[in-house]
> 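One structure is given below, represented as structure tokens, and several questions about it will come after.
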Amino acid sequence: MGIRISTWNVNSIRIRLDGLQRLVETARPDVVCLQETKVADHLFPAAAIRELGFEHQLLHGAKGYNGVAILSRRPFIETGTRAWCGREDCRHALASIDAGEGIGPIEIHSLYVPAGGDIPDPETNDKFAHKLQFLEEMRDWSMSLSPDTPAVLVGDLNVAPLESDVWSHRQLRNVISHTEPEIERLNRAMEDGLWIDAVRHLIPPPERLYTWWSYRARDWSASDRGRRLDHIWVRPELEPRFDDVQVLREARGWPKPSDHVPVTLSLKD
DNA sequence: ATGGTTGTAGGACAA
């Protein structure tokens with residue numbers, strides 16, 4: 001049976017329902033993890049999404065900003081949310097789901113790391129300080145996870161760590177998402193066997209790979225000034241289950257696109 | 001060169 005897990009920063013779920021349907025038809029996910037749903041739970045378009053086959057929905061949203069969700073064809077075994085940096089700002093939802101006979105239950109985490117504002121100085125920019133603190137907390141949290149439970153962490157981590165994750169390492173090295181302090185902290189959160197970057201395991205550098213293109217470009221595809229901000233990490237024990245990864249670049253060209261595209265991981269039995 | 005666009009809002013702010 002295996003399992004297919006998609007992650008997508010939708011930048012408002014209510015205006016991305018057509019896109020979600022296209023994602024479901026194209027990538028055939030069993031589980032969809034969303035970020036930036038930008039809607040309070042009682043206004044979430046649950047019925048329309050149920051129609052797409054996702055009967056089980058874990059919502060963790062707020063009015064206007066942030067918001068994460070996990071949509072599943074299969075029942076949840078357990079669900080939860082987590083507050084980061086002492087803030088209840090709807091950036092993390094988790095659910096355990098049966099991934100099939102050979103794999104068993106896995107814990108799936110949908111995460112939305114703060115973007116961090118514009119100025120890469122934690123002294124003058126509180127948003128950047130928050131982002132760095134969040135990334136530091138990711139290591140502590142990762143080390144606290146049970147070593148027995150296979151886990152997958154997906155979402156908009158808002159950091160493009162590798163040179164081949166950005167259109168120009170030189171021009172972005174002082175731009176938030178690709179600065180040294182962010183990359184250091186993101187790497188610390190993965191090191192020592194905590195997580196494997198599943199996407200780069202299956203599509204290794206130096207191949208360029210992006211999941212986000214700014215809305216501000218005249219022609220996003222022609223200029224192709226993208227960054228890989230959306231990630232899928234898995235605990236090392238799941239590595240033998242890797243089957244395939246798909247970055248749905250074409251979604252950036254859909255009508256009313258999000259600025260992020262979906263990423264899908266297939267795990268096999 | 002310090003722009004440009006999208007979204008939630010129904011003005012300013014976040015991304």
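To find a chain, count down the sequence lines: A is the first, B the second, and so on, and within it residues start at 1.
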> Can you list, in residue-number order, the parts of residues 6-24 of chain A that come under 4.0 Å of DNA chain B, counting heavy atoms only?
Asn11(A), Ser12(A), Arg14(A), Ile15(A), Arg16(A)

> Do any pairs count as a salt bridge (charged side-chain N to carboxylate O under 4.0 Å, His left out) and have a residue in residues 233-261 of chain A, sequence neighbours left out, and if so which ones?
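Non-adjacent pairs meeting salt bridge (charged side-chain N to carboxylate O under 4.0 Å, His left out): Asp224(A)-Arg249(A).
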
> Applying side-chain contact (heavy atoms from CB on, under 4.5 Å), can you list everything that pairs with Asp192(A), at least two apart in sequence or on another chain?
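Testing Asp192(A) for side-chain contact (heavy atoms from CB on, under 4.5 Å), a comparison that skips the adjacent residues, returns Arg139(A), Arg188(A).
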
> Can you name the nearest heavy-atom pair linking Ala95(A) to Ile70(A), along with the distance?
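What the structure gives for the nearest pair is N-CD1, 3.7 Å.
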
> Does anything in residues 126-133 of chain A come within less than 4.0 Å of DNA chain B? Heavy atoms only, and list the residues if so.
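Lys127(A), in order of number.
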
> Given atom CG of Leu229(A) and atom C1' of dA14(B), what is their separation to the nearest angstrom?
15 Å

> For Glu101(A), is the CD atom crowded, meaning more than 12 foreign heavy atoms sit under 6.0 Å from it?
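Counting neighbours around CD of Glu101(A), 12 or fewer heavy atoms of other residues, nucleotides or ligands fall under 6.0 Å, so no.
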
> Say we look at dA12(B) and dT2(B): how far apart would their P atoms be, to the nearest angstrom?
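Going atom to atom, P in each nucleotide, I get 23 Å.
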
> Rounded to whole angstroms, how far apart are OH on Tyr112(A) and P on dG7(B)?
14 Å

> State which residues pass side-chain contact (heavy atoms from CB on, under 4.5 Å) with Arg22(A); sequence neighbours excluded, sorted by chain then number.
Trp254(A), Pro255(A)

> Just by distance, no angles: are the side chains of Ser164(A) and Arg208(A) close enough, under 3.5 Å, to form a donor-acceptor pair?
no

> Any salt bridge (charged side-chain N to carboxylate O under 4.0 Å, His left out) involving residues 60-75 of chain A? Give me the pairs, sequence neighbours left out, ordered by first then second residue.
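The answer is Asp30(A)-Arg74(A).
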
> Without decimals, in angstroms, what is the distance between His260(A) NE2 and dA14(B) P?
16 Å

> On DNA chain B, does the nearest nucleotide to Arg225(A) precede the nearest nucleotide to Gly116(A) from the 5' side, or the other way round? Give the residue.
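Looking at DNA chain B, the more 5' nearest nucleotide goes with Arg225(A).
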
> Just the rounded figure in Å: distance from P of dT8(B) to NZ of Lys63(A).
12 Å

> Can you check the Asp118(A) CG to dA15(B) P distance for me, whole Å?
9 Å

> Applying side-chain contact (heavy atoms from CB on, under 4.5 Å), name anything that partners Ser144(A), two or more places apart in sequence or on another chain.
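side-chain contact (heavy atoms from CB on, under 4.5 Å) list for Ser144(A), sorted by chain: Trp141(A).
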
> Strictly by modelled atom types, are Asn158(A) and Lys131(A) linked by a side-chain donor-acceptor pair under 3.5 Å?
no

> Measure from CD on Gln35(A) to P on dA15(B) and round the result to the nearest Å.
14 Å

> Would you give me the side-chain donor-acceptor pairs under 3.5 Å for residues 80-94 of chain A, sequence neighbours excluded?
| from | atom 1 | to | atom 2 | distance (Å) |
| --- | --- | --- | --- | --- |
| Arg82(A) | NH1 | Glu137(A) | OE2 | 3.0 |
| Trp84(A) | NE1 | His92(A) | ND1 | 3.0 |
| Asp89(A) | OD2 | Arg91(A) | NE | 3.0 |
| Arg91(A) | NH1 | Tyr112(A) | O | 3.1 |
| His92(A) | NE2 | His109(A) | ND1 | 3.0 |

> Does any residue of residues 167-175 of chain A have a heavy atom under 4.0 Å from DNA chain B, and if so, which ones, in number order?
none

> Nearest-Å distance, CG (Asp89(A)) to C1' (dA14(B))?
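Roughly 13 Å, once rounded to whole Å.
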
> Against Asn9(A), only a single residue in Asp156(A), Asp230(A), Thr211(A), Thr37(A) fulfils side chain to side chain donor-acceptor pair (under 3.5 Å); can you say which?
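Only one option passes, and that is Asp156(A).
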
> Using distance only, find each side-chain donor-acceptor pair of residues 48-61 of chain A under 3.5 Å and give its atom names and separation, not counting sequence neighbours.
| from | atom 1 | to | atom 2 | distance (Å) |
| --- | --- | --- | --- | --- |
| Gln57(A) | NE2 | Ala46(A) | O | 3.0 |
| Gln57(A) | NE2 | Phe54(A) | O | 2.9 |

> Rounding to a whole Å, what distance do you find between Leu43(A):CG and dT8(B):C1'?
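That distance rounds to 12 Å.
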
> Establish, with yes or no, whether the OP1 or OP2 oxygen of dA15(B) is under 4.0 angstrom from a side-chain nitrogen or oxygen of Lys38(A).
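So the side chain of Lys38(A) is outside the cut-off, no N or O lying under 4.0 Å from OP1 or OP2 of dA15(B).
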
> Please name all residues satisfying side-chain contact (heavy atoms from CB on, under 4.5 Å) with Pro105(A), sequence neighbours left out, ordered by chain then number.
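Counting only residues at least two positions away or on another chain, Pro105(A) forms a side-chain contact (heavy atoms from CB on, under 4.5 Å) with Ile77(A).
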
> Using a 4.0 Å cut-off on heavy atoms, which residues in residues 211-220 of chain A reach DNA chain B? List them by number, or say none.
Tyr215(A), Arg216(A)

> Taking Val175(A)'s backbone N and O only, do any of them form a donor-acceptor pair with Thr179(A)'s side chain (distance below 3.5 Å, no angle check)?
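No: the side chain of Thr179(A) does not pair with the backbone of Val175(A).
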
